[in-house]
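Working notes, structure below.
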Amino acid sequence: MQFDPLADALSKINTYDRAGKKEVYIRPTSNLIQNVLATLQKSGYVGEFERVEDAQGGQFKVQLLGRINKCAVIKPRLPAKVSEIDQFEKQYLPAVNFGILVMSTPLGVMTQREAITNHVGGRLLAYVY
């Protein structure tokens, strides 16, 4: 029984990447997971991904590049103002300009750098480095 599909997806990506696998299948699918994968792809942490439909609701096929040291969700999903994002970077990322925070904002799912550029706050979803 899955309580947080995003946490399960990132945990599976982390496990398969550490094991040296080239691809991973993630089930169940959701728009949030798809948006987070697109953000990770834009940042260069995962390769191409596609949604594969089947009789059980579909799954994502994700190509792994071997660039992830750690990825996990942030629980609880904390609200972050633009002025507070630097504090959360220090808390969750190991060094300056190393890794990303994934945020859900009114403009969509984006990294903390995009949120600062767009001057918008949101909820913290995950971190990857």
Close side-chain approach of [X] and [Y], heavy atoms under 4.5 Å:
X: Pro94; Y: Tyr129; value: yes
X: Glu84; Y: Leu78; value: no
X: Val102; Y: Asn35; value: no
X: Lys12; Y: Asp8; value: no
X: Ile33; Y: Pro5; value: yes
X: Met103; Y: Leu124; value: yes

Using 0.5 Å steps for rounding, measure from the [atom1] atom of [X] to the [atom2] atom of [Y].
X: Asp86; Y: Gln91; atom1: CG; atom2: CD; answer: 13.0 Å
X: Lys75; Y: Leu6; atom1: NZ; atom2: CG; answer: 8.5 Å
X: Lys70; Y: Ile68; atom1: NZ; atom2: CD1; answer: 13.0 Å
X: Glu50; Y: Gln34; atom1: CD; atom2: CD; answer: 11.5 Å

Is it possible for you to say whether [X] and [Y] belong to one hydrophobic cluster, with membership spreading through side-chain heavy-atom contacts below 4.5 Å?
X: Ile100; Y: Leu65; answer: no
X: Val36; Y: Ile85; answer: no
X: Leu37; Y: Tyr16; answer: yes
X: Leu64; Y: Tyr127; answer: no
X: Phe98; Y: Val96; answer: no

Could you go through Asp4 and Leu10, starting from their C-alpha distance and side-chain angles, then the distance that decides it, and tell me whether this counts as side chain to side chain contact (heavy atoms under 4.5 Å, CB included)? CA-CA 10 Å; Asp4 188 358; Leu10 291 180; over 6 Å; no
Minimum heavy-atom separation for [X] and [Y], please, with both atom names.
X: Asn14; Y: Asn69; answer: OD1-O, 3.9 Å
X: Ile13; Y: Cys71; answer: CG2-SG, 4.4 Å
X: Arg51; Y: Thr29; answer: NH2-OG1, 2.7 Å

Kindly say whether Leu107 contributes a backbone atom to a donor-acceptor pair with the side chain of Thr105 at under 3.5 angstrom?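 Yes: the side chain of Thr105 pairs with the backbone of Leu107.
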Keeping the roles fixed (side chain from Arg77, backbone from Arg123), state whether a donor-acceptor pair exists under 3.5 Å.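 Answer holds: no.
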Identify each donor-acceptor pair in which a side-chain atom of residues 108-120 lies under 3.5 Å from a protein atom, sequence neighbours left out, and give them as a table.
from, atom 1, to, atom 2, distance (Å)
Thr111, OG1, Glu114, N, 3.3
Gln112, OE1, Leu101, N, 2.8
Gln112, NE2, Glu89, OE2, 3.3
Arg113, NH2, Gly99, O, 3.0
Glu114, OE1, Thr111, N, 3.1
Glu114, OE2, Lys42, NZ, 3.2
Thr117, OG1, Arg113, O, 2.9
Asn118, ND2, Glu114, O, 3.2

Specify whether Phe60 and Phe49 have parallel, tilted or perpendicular ring planes, treating 30° as the upper limit for parallel and 60° as the lower limit for perpendicular.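 Phe60 vs Phe49 ring planes: perpendicular.
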